[in-house]
Participant: 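Pasting in a structure now, in structure tokens, and then I'll have a few things to ask.
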Amino acid sequence: MANVKVSWVLPTTRKSGKPLLVEQIAFAFIEMSADLGANFGPVGEFPPDVLETTVTELEPGEWVFRGSVQDKAGKVSGTVEARIVVEDTSPPSDLQLTLTLA
């Protein structure tokens with residue numbers, strides 16, 4: 001199990017190149033996937049003054065996170081993805097012994 005800190009930087013421009021003020025941003029939406037991006041579940045919606053969150057107790061494997069931003073007019077940015085591998089740090093399984101008379 002591992003904890004993963006997810007952080008982001010809000011955009012300062014719109015796709016048109018015009019400025020986007022932080023006051024115009026409603027929230028950042030973060031999701032995560034345990035199946036390489038086939039299915040995503042919400043991590044949360046975060047107001048513009050929150051730029052990170054921690055997801056706790058993730059099982060070993062590859063995790064995909066994605067995020068987008070919605071402005072106060074309801075317009076949504078494209079999504080960006082990031083991947084992280086949580087290594088299995090558990091010890092090996094027990095050795096199996098076989099005994100026979102020689």
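Small disclaimer: the values here were computed from a predicted structure and weren't measured.
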Participant: Taking all non-hydrogen atoms of both residues, which atom of I25 and which atom of P48 are closest, and how far apart?
Facilitator: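 The answer is O-CG, 3.3 Å.
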Participant: Applying side chain to side chain donor-acceptor pair (under 3.5 Å), name anything that partners K15, two or more places apart in sequence or on another chain.
Facilitator: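 Here no residue qualifies.
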Participant: Is there a chain of hydrophobic side chains (I, L, V, M, F, W, Y, each step under 4.5 Å between heavy atoms) that links F40 to V4?
Facilitator: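 In one cluster: no.
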Participant: Which donor-acceptor pairs under 3.5 Å do the side chains of residues 5-12 make with protein atoms, sequence neighbours left out?
Facilitator:
unit_1 : atom_1 : unit_2 : atom_2 : d
K5     : NZ     : E52    : OE1    : 3.3
W8     : NE1    : V50    : O      : 3.4

Participant: Mind checking side-chain contact (heavy atoms from CB on, under 4.5 Å) for K75 and listing every partner two or more places apart, or none if nothing turns up?
Facilitator: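 Once residues adjacent in sequence are excluded, the partners of K75 under the side-chain contact (heavy atoms from CB on, under 4.5 Å) criterion are D71, A73.
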Participant: Would you say L51 ends up clustered with L20 if hydrophobic residues are merged whenever their side chains have heavy atoms under 4.5 Å apart, either directly or through other cluster members?
Facilitator: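 Result: yes, single cluster for both.
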Participant: Name every donor-acceptor pair, under 3.5 Å, that has one atom in a side chain of residues 86-94 and the other anywhere in the protein, sequence neighbours excluded.
Facilitator:
unit_1 : atom_1 : unit_2 : atom_2 : d
D88    : OD1    : S90    : N      : 3.0
D88    : OD1    : S90    : OG     : 2.6

Participant: So which atom in S68 and which in T79 form the shortest heavy-atom distance, rounded to 0.1 Å?
Facilitator: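 Shortest heavy-atom contact: CB-CG2, 4.0 Å.
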Participant: Verify side chain to side chain contact (heavy atoms under 4.5 Å, CB included) between V69 and V76, making sure each step is shown before the conclusion.
Facilitator: CA-CA 6 Å; V69 173; V76 180; over 6 Å; no
Participant: Could you give the side-chain donor-acceptor pairs of residues 53-61 under 3.5 Å, partners two or more places apart or in another chain?
Facilitator:
none

Participant: With sequence neighbours excluded, give me every ring pair (Phe, Tyr, Trp, His ring centres under 6.0 Å) pair touching residues 55-85.
Facilitator: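 Checked against ring pair (Phe, Tyr, Trp, His ring centres under 6.0 Å) - neighbours excluded - no pair reaches residues 55-85.
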Participant: For residues 81-102, pull every pair meeting ring pair (Phe, Tyr, Trp, His ring centres under 6.0 Å), keeping only residues two or more places apart or in separate chains.
Facilitator: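 As it turns out, there is no ring pair (Phe, Tyr, Trp, His ring centres under 6.0 Å) pair with a partner in residues 81-102 once direct neighbours are skipped.
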Participant: Side chains of residues 95-102: which donor-acceptor pairs under 3.5 Å do they make with residues two or more places apart or in other chains?
Facilitator:
none

Participant: Considering only residues two or more places apart or on different chains, which pairs with a residue in residues 24-37 satisfy salt bridge (charged side-chain N to carboxylate O under 4.0 Å, His left out)?
Facilitator: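 Those involving residues 24-37 are E31-R66.
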Participant: Same cluster or not: are V64 and V43 linked, directly or through other Ile, Leu, Val, Met, Phe, Trp or Tyr residues, by side-chain heavy atoms under 4.5 angstrom apart?
Facilitator: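 Different clusters: V64 never reaches V43 through Ile, Leu, Val, Met, Phe, Trp or Tyr contacts under 4.5 Å.
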Participant: Using a 4.5 Å cut-off between side-chain heavy atoms of Ile, Leu, Val, Met, Phe, Trp and Tyr, which other residues end up in the same hydrophobic cluster as L21?
Facilitator: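 Under the 4.5 Å side-chain rule, L21 groups with nothing.
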Participant: For the residue pair T13 and P19, establish whether any side-chain heavy-atom pair is separated by less than 4.5 Å.
Facilitator: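 Answer no - side chains too far apart.
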Participant: Could you tell me the separation between the CD atom of E62 and the OG atom of S33, rounded to the nearest 0.5 Å?
Facilitator: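 It is 9.5 Å, given to the nearest 0.5 Å.
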Participant: For E45, enumerate each residue passing the salt bridge (Lys or Arg N to Asp or Glu O under 4.0 Å) test, keeping only those at least two apart in sequence or located in another chain.
Facilitator: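 Applying salt bridge (Lys or Arg N to Asp or Glu O under 4.0 Å) to E45 gives none.
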Participant: Is F27 isolated, or which residues cluster with it under the ILVMFWY side-chain rule of less than 4.5 Å, directly or via members?
Facilitator: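 Once heavy-atom contacts under 4.5 Å are chained together, F27 belongs with F29.
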